[in-house]
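Structure first, then comments.
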Number of protein chains: 4
Amino acid sequence: MEDVAPTKREQQKEERRKQILAAALKVFTEKGFHAANVSDVAAAAGVSQGTIYWYFDSKEDLFQAAILSAFEELGQETMGTVLMQATAREKLWGLVRGMEGLAGQMGGLFMLFLGYWASSPDRAKAGQWWPNLLVEYKDVVAGIIEEGVKTGECRPVDAESLAWSLLATYNGLAAYAALLPDLDLVRISRAFSETLIKDLEVDA
Amino acid sequence: MEDVAPTKREQQKEERRKQILAAALKVFTEKGFHAANVSDVAAAAGVSQGTIYWYFDSKEDLFQAAILSAFEELGQETMGTVLMQATAREKLWGLVRGMEGLAGQMGGLFMLFLGYWASSPDRAKAGQWWPNLLVEYKDVVAGIIEEGVKTGECRPVDAESLAWSLLATYNGLAAYAALLPDLDLVRISRAFSETLIKDLEVDA
Amino acid sequence: MEDVAPTKREQQKEERRKQILAAALKVFTEKGFHAANVSDVAAAAGVSQGTIYWYFDSKEDLFQAAILSAFEELGQETMGTVLMQATAREKLWGLVRGMEGLAGQMGGLFMLFLGYWASSPDRAKAGQWWPNLLVEYKDVVAGIIEEGVKTGECRPVDAESLAWSLLATYNGLAAYAALLPDLDLVRISRAFSETLIKDLEVDA
Amino acid sequence: MEDVAPTKREQQKEERRKQILAAALKVFTEKGFHAANVSDVAAAAGVSQGTIYWYFDSKEDLFQAAILSAFEELGQETMGTVLMQATAREKLWGLVRGMEGLAGQMGGLFMLFLGYWASSPDRAKAGQWWPNLLVEYKDVVAGIIEEGVKTGECRPVDAESLAWSLLATYNGLAAYAALLPDLDLVRISRAFSETLIKDLEVDA
DNA sequence: CATGAATGAGCGTTCATTCAT
DNA sequence: TATGAATGAACGCTCATTCAT
């Protein structure tokens with residue numbers, strides 16, 4: 001049988017995978033990597049433990065797959081919207097507003113990853129995929145800033161460094177928000193962005 | 001004769017405690033909370049496992065004590081230096097320079113804490129001590145900014161929010177530095193601070 | 001087809017459970033609750049330690065299940081036989097003869113329980129199941145005596161109190177038998193019962 | 001120095017021993033042998049753990065010493081009073097009344113011993129001293145009954161067996177009392193003794 | 001494909017005992 | 001004598017992973 005279109009079997013399998021992935025994300029987010037058990041995930045997904053191991057090689061594999069799939073859904077969407085803006089200035093503000101809204105979920109993912117990574121026996125190997133994602137996003141942000149510089153919308157700055165700073169700030173704030181639920185993220189973000197980005201912009 | 005000065009016994013005990021604390025910090029930093037075993041710490045300290053429990057109630061207790069003692073050594077010193085500056089402007093720059101230098105170590109501690117916290121069975125209760133530290137530091141930074149506003153060194157701003165942002169940025173950068181060893185922290189910090197703080201300052 | 005009868009899987013599981021229970025009873029009886037290890041039970045049952053925890057929640061749970069299952073096997077049978085007798089007098093004698101024969105095994109169980117209970121951190125809560133059993137048996141015995149009183153076979157007595165005494169005597173003797181293997185239980189029981197029960201009976 | 005009278009040093013030592021013994025009895029009675037720690041005893045006695053080991057070889061040694069000293073104080077006294085009675089009949093009733101009153105404390109000791117013995121790795125060796133005590137007491141009780149038989153106060157019976165039964169009953173009741181705090185020991189004892197002992201007595 | 005029973009290495013913690021001071 | 005710090009073997013229990021069915 002050489003049909004290219006996915007068979008019913010394959011579709012079912014894919015669905016199962018997604019179902020497990022969703023359960024895994026939920027459980028891992030709630031409990032963190034180490035406190036979450038494979039059996040928790042299995043229960044949440046409504047399958048047996050054994051089934052998990054049919055679709056994923058290990059708890060780590062499952063974790064990575066879950067976090068990556070969530071990240072893609074979240075980030076791509078925002079970035080897509082941002083990049084559709086006409087001017088660099090609009091893109092920048094869109095980015096900041098986007099991160100502001102995403103901080104909760106994105107930060108959750110970041111914390112989730114950190115909790116995993118920070119207790120990895122071999123950090124050098126563990127979770128190289130997340131830094132790669134970071135660099136990707138940094139490049140996008142840096143690109144926007146550079147575009148602004150080129151078009152004269154922004155003062156000439158070290159775009160790369162500022163991109164890192166911007167991501168770092170929102171990641172840090174997301175962590176704080178998780179730690180201190182009363183934190184007013186929007187207020188802080190507004191104060192920060194108005195100070196930082198306004199300064200980037202050349203005086204009209 | 002009631003000697004107020006610590007006896008030799010007590011001095012030895014204190015030394016032992018510090019010795020264990022140092023070993024714990026080393027091991028926890030290397031492996032993270034969950035991957036590190038109490039027996040690792042005991043071995044690193046050159047004592048038996050039982051001895052650990054003579055000085056500390058639990059692995060968690062040991063962890064907290066290790067992080068806090070390291071934190072105090074690191075932070076207090078910097079903050080002390082910073083607060084000795086004459087003007088708010090000098091304090092702010094001092095702060096940023098200090099965090100720049102500390103980011104590596106401080107960030108390691110932050111990651112360490114997150115790795116612990118993120119997988120805590122009850123996050124609401126676990127590790128409340130770290131958020132408390134955050135708030136403390138935030139207050140100091142906010143105080144500096146407010147002082148600057150009062151003395152006319154800075155534009156009128158939401159000091160609290162900017163303080164949070166500043167801490168978040170350096171925490172985030174510290175995390176990135178741990179994840180991406182090649183990151184040029186100093187360059188990023190300079191670009192960031194020059195943009196952000198310069199904007200705070202009223203034009204001379 | 002919804003089979004009501006247990007599947008092969010379920011049968012196997014039940015067998016495994018019994019196998020573990022039997023091993024647990026053996027090991028606990030030999031060593032007592034505190035001196036016996038879960039690994040001992042596992043070894044005796046020919047399974048791994050982990051398997052024990054698949055079937056039972058804890059060492060305590062296993063202990064309780066083992067004692068209760070043994071108790072039921074032992075006691076119910078005797079009680080059944082006893083209650084089938086026609087007259088109260090016959091029932092009483094049957095009971096005493098039954099306890100006489102059971103004392104060795106029953107007493108072993110009682111000792112086993114005491115060894116567990118006596119060192120329980122919270123005696124008020126621990127092992128409430130055993131007292132419940134006691135009360136159950138006391139009620140049966142008291143019922144027999146009362147029946148005898150009603151039918152005129154026995155003198156009017158405090159049935160409840162005598163029932164407690166009867167159980168206490170045989171429990172005590174069982175303990176002694178465990179402590180002093182040379183004790184002639186049958187002889188003691190005969191002397192005791194002939195004195196006590198004969199007195200209960202109204203002179204023909 | 002060959003003084004026969006205890007030196008002050010020796011007196012102090014003896015006092016310390018008693019102080020520890022008292023603390024040990026209290027702690028062991030409260031928690032049972034296995035749940036009680038040597039450090040608990042040390043704390044209750046107001047000495048360090050090390051000191052315990054100066055006076056006693058091991059936890060077991062301490063336990064045995066504590067239980068024996070308590071037993072002697074309790075039992076000898078009652079037995080003394082009992083044996084001072086003029087007639088066997090009076091002695092028997094005195095014994096029963098004494099055991100009735102002692103059941104609480106004596107039973108506590110018996111339970112304490114059982115809890116220890118039942119979980120002894122090697123029961124054959126452990127705690128041979130208690131059975132010896134039992135036999136001693138049994139002999140006293142049997143002696144009283146025999147005396148009654150000789151003087152014609154009692155019917156001719158198997159004194160030995162009845163002595164065992166009597167002890168067993170009160171030991172059993174004591175255990176029940178510990179297990180079921182609401183049990184009315186006095187009422188049960190009265191009902192029991194009036195039935196059993198009255199039967200022993202020859203009709204006046 | 002899916003199940004769930006079975007595994008066993010590994011962990012944090014306790015505590016009787018020892019020993020330098 | 002007395003202290004209390006130090007030891008280390010031992011325990012109950014967990015959980016990622018495997019495998020017969």
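By convention in this document, chain letters (A, B, ...) are assigned in the order of the sequence lines, proteins followed by strands, and residues within each chain are numbered from 1. Heavy-atom basis, side chains included; hydrogens, waters and symmetry copies ignored.
- When both distances must be under 3.5 Å, the Watson-Crick or G-U wobble mate of F:dT17 is E:dA6.
- Projected onto DNA chain E by closest heavy-atom contact, A:T51 and D:E60 fall at different nucleotides, the more 5' of which corresponds to A:T51.
- Nucleotides F:dT21 and E:dC1, compared at atom C1', are 13 Å apart to the nearest Å.
- Rounded to whole angstrom, the span from the CD atom of C:Q12 across to the P atom of E:dT3 amounts to 19 Å.
- Between C:S48 and E:dT7 there is a side-chain polar atom (N or O) within less than 4.0 angstrom of OP1 or OP2.
- For C:K59 and C:F28, the positive end is not near the middle of the six-membered ring at less than 6.0 Å and at most 45° from its axis.
- Distances shorter than 4.0 Å separate some side-chain N or O of B:R16 from OP1 or OP2 on F:dA6.
- Residue order along DNA chain F, read from the 5' end via each residue's closest nucleotide, puts B:K13 first among B:K13 and C:G50.
- By the 4.5 Å heavy-atom criterion applied to side chains, D:L21 and D:L62 are counted as neighbours.
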Start with the C-alpha gap between D:Q64 and D:F113, add the side-chain angles, then the distance that decides, and say whether side-chain contact (heavy atoms from CB on, under 4.5 Å) holds. CA-CA 9 Å; D:Q64 171 174 349; D:F113 169 76; over 6 Å; no

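- Between B:Y53 and the phosphate of F:dT7, there is no side-chain N or O to OP1/OP2 separation shorter than 4.0 Å.
- In this structure, the CH2 atom of A:W54 is 16 Å from the C1' atom of E:dG4, given to the nearest Å.
- Counting any heavy atom pair closer than 4.0 Å across all strands shown, A:F56 reaches no nucleic acid atom.
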